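In what follows, a single structure is set out as C-alpha cells and then discussed.
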Amino acid sequence: MSHVSYSISNSETKVREATDSDIDRVVSLHNQNYKHQRTALQWLWEYRTHHPDLVVFTVVEDDDRIVGTQGMIPIYLRFRGGTYLSGKSESSLLSPEYRGGKTFQKLYAFAMSLCKAKGMCCVWGLTTAAKVWRDRLLFSVYTDAIYTSVSVLNPRLALSGTSSLTSCKYLYGCVQRRLLSRRKPVESRRFSIEQDLRSYRDLDHLYERLATKHADLIYIRQDEDYFRWRISNNPNARYMTCFLYEHDLLQSYCYVNTANSPTAYLTDFTFVDDDAGSYLLQKVLERLGHRNVVWVSFLGNVKNPLISAVFNVLKRFGFIEERSPLAVVTKNIMCEDEEITRDVRNWYLNGLWTEGYTW
C-alpha cells in the first residue's frame, strides 16, 4: 500500500490514506460493526500481499478516531484481448453516527481519485447497500444478477433444521441427483482430473476459448501471482482444487472452499462444454460426500450466459437456485470500452470475485 500522504479535511473530519499504524484501529472498527473476529494478519493478507503498491485504502479520521474506511483491491481483468487494472471495492464502512451526510461520498470520491492516479480502468464490487451506490455514488447497479445455487449432500442433517417447504425443495434436489447418477455416465477415459495446474497458461487458453462464445467476456486474469494470493496462500479458506484435462487441454476446473464445514463453497466452477463440467461436478460431489459436508453452494451472475450455463448444469444435479441480496456495482474511471463494463451480462462473476473469506 502506498504511504504517500494525501488527505482531504474539513472542520470535523479528515479523509486520508491509511498507514500501518492504523491497521489495528481499522480492524477493530470493522469487527465492532460487523461482529466479525478478523485479525490484523488477515487485513495484511487482503491488502498488502497482492500488488501492495497498487492498493487503495482510505480512512475517515475524527479527533484521532478512525470512523470510516474504504478499500480498493487491485485486480487485473481481461476482456477483448486486453489486460486492465481494476479496483475491487471492499471495506466500505462508516460509523453509524456519521451516516446520513456527505462524509461517505467524500471518502469514496477521495478513494476513486487515488484509483485513477494508479491507473485503474474501473471500480466494481458486490454490496447489499444498492441504494447508496446508485443514488449517492452514481454507480451502475444491478440488483437482479447474483444468484446462489445450493444442494444438500447429507439430507438427514440438513432437513432437520429447515421448514417443510424448504425440505421438499431439497428432497427434490436429492432425487434429481440420484436419478442423474443412474444415467449413462460421460465417457471418462478421455478425461484426467488433477489437483494442480500443469501450467498457468492453461487457464489463459481455457478463457480464450470461452471468449469465442462471448466476445465481450470480462474475467479475472488468473496468473501465478493471483492464484497463489487468492487460492494457494489464502489464510481464510482451505481449497480443494480440481483441474480436468482432456489429453493436453484444460476443459474444466473447480475451486472448493471446505474450511467452513458443514458448507462447502464452489468458489469457481468453470467449464468449456457441458460434458466436461458435468463429469467434474460429479467427481467433486463424490469427494465432498466422503467428508463432513452437508451443504454445497455456488454463487454467480446469472445474467452472464456462461455462468447461466453453470447454473443449468448445477440444476441437473439437484441444486436449488435462489436470488441473492447482493447487487453488482460498477463504475468506469478511464476505460475506453465503457459500454462493455456497463453491461452486466459481460461480467463472469462467481465466488472468486468476493473478498476471499467465505468463498
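Since the model is a prediction, treat every value here as computed from it, not as a measurement. Residue numbers start at 1 and run along the sequence shown. Computation of the quantities below employed the complete heavy-atom set of this structure, encompassing side-chain atoms and omitting hydrogens, waters and symmetry-equivalent molecules.
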Suppose we call two aromatic rings close when their centres sit under 6.0 Å apart. Are [X] and [Y] close by that rule?
{"X": "Phe271", "Y": "Tyr279", "result": "no"}
{"X": "Tyr76", "Y": "His51", "result": "yes"}
{"X": "Tyr245", "Y": "Phe191", "result": "no"}
{"X": "Phe298", "Y": "Phe319", "result": "no"}
{"X": "Trp353", "Y": "Tyr219", "result": "no"}
{"X": "Phe139", "Y": "Tyr108", "result": "yes"}
{"X": "Tyr255", "Y": "Tyr253", "result": "yes"}

Thr341 side-chain N/O to Glu338 backbone N/O, donor-acceptor pair under 3.5 Å: yes

Residues in side chain to side chain donor-acceptor pair (under 3.5 Å) contact with Thr358, at least two apart in sequence or another chain: none

Which residues share a side chain to side chain donor-acceptor pair (under 3.5 Å) with Asp24, sequence neighbours left out: none

List for me each residue that meets side chain to side chain contact (heavy atoms under 4.5 Å, CB included) alongside [X], sequence neighbours excluded, and say none if there are none.
{"X": "Ala117", "answer": "none"}
{"X": "His205", "answer": "Arg201, Glu208"}
{"X": "Ala259", "answer": "Arg238, Asn257"}
{"X": "Gln195", "answer": "Thr241"}

Judged by modelled atom types alone, do [X] and [Y] share a side-chain donor-acceptor pair under 3.5 Å?
{"X": "Arg230", "Y": "Gln222", "result": "no"}
{"X": "Ser192", "Y": "Glu194", "result": "yes"}
{"X": "Gln37", "Y": "Asn31", "result": "no"}

Tell me every residue that passes salt bridge (Lys or Arg N to Asp or Glu O under 4.0 Å) with [X], counting only those two or more places apart in sequence or in another chain.
{"X": "Asp62", "answer": "none"}
{"X": "Lys131", "answer": "Asp135"}
{"X": "Arg80", "answer": "Asp216, Asp337, Glu339"}
{"X": "Asp343", "answer": "Arg345"}

Asp274/Arg316 salt bridge by N-O under 4.0 Å criterion: yes

Enclosure of Arg221 CZ (heavy-atom neighbours >12, cutoff 6.0 Å): yes

Inter- and intrachain pairs under salt bridge (Lys or Arg N to Asp or Glu O under 4.0 Å), touching residues 287-312, at least two apart: Asp144-Lys303

Pairs meeting criterion salt bridge (Lys or Arg N to Asp or Glu O under 4.0 Å) with involvement of residues 257-268, two or more places apart: none

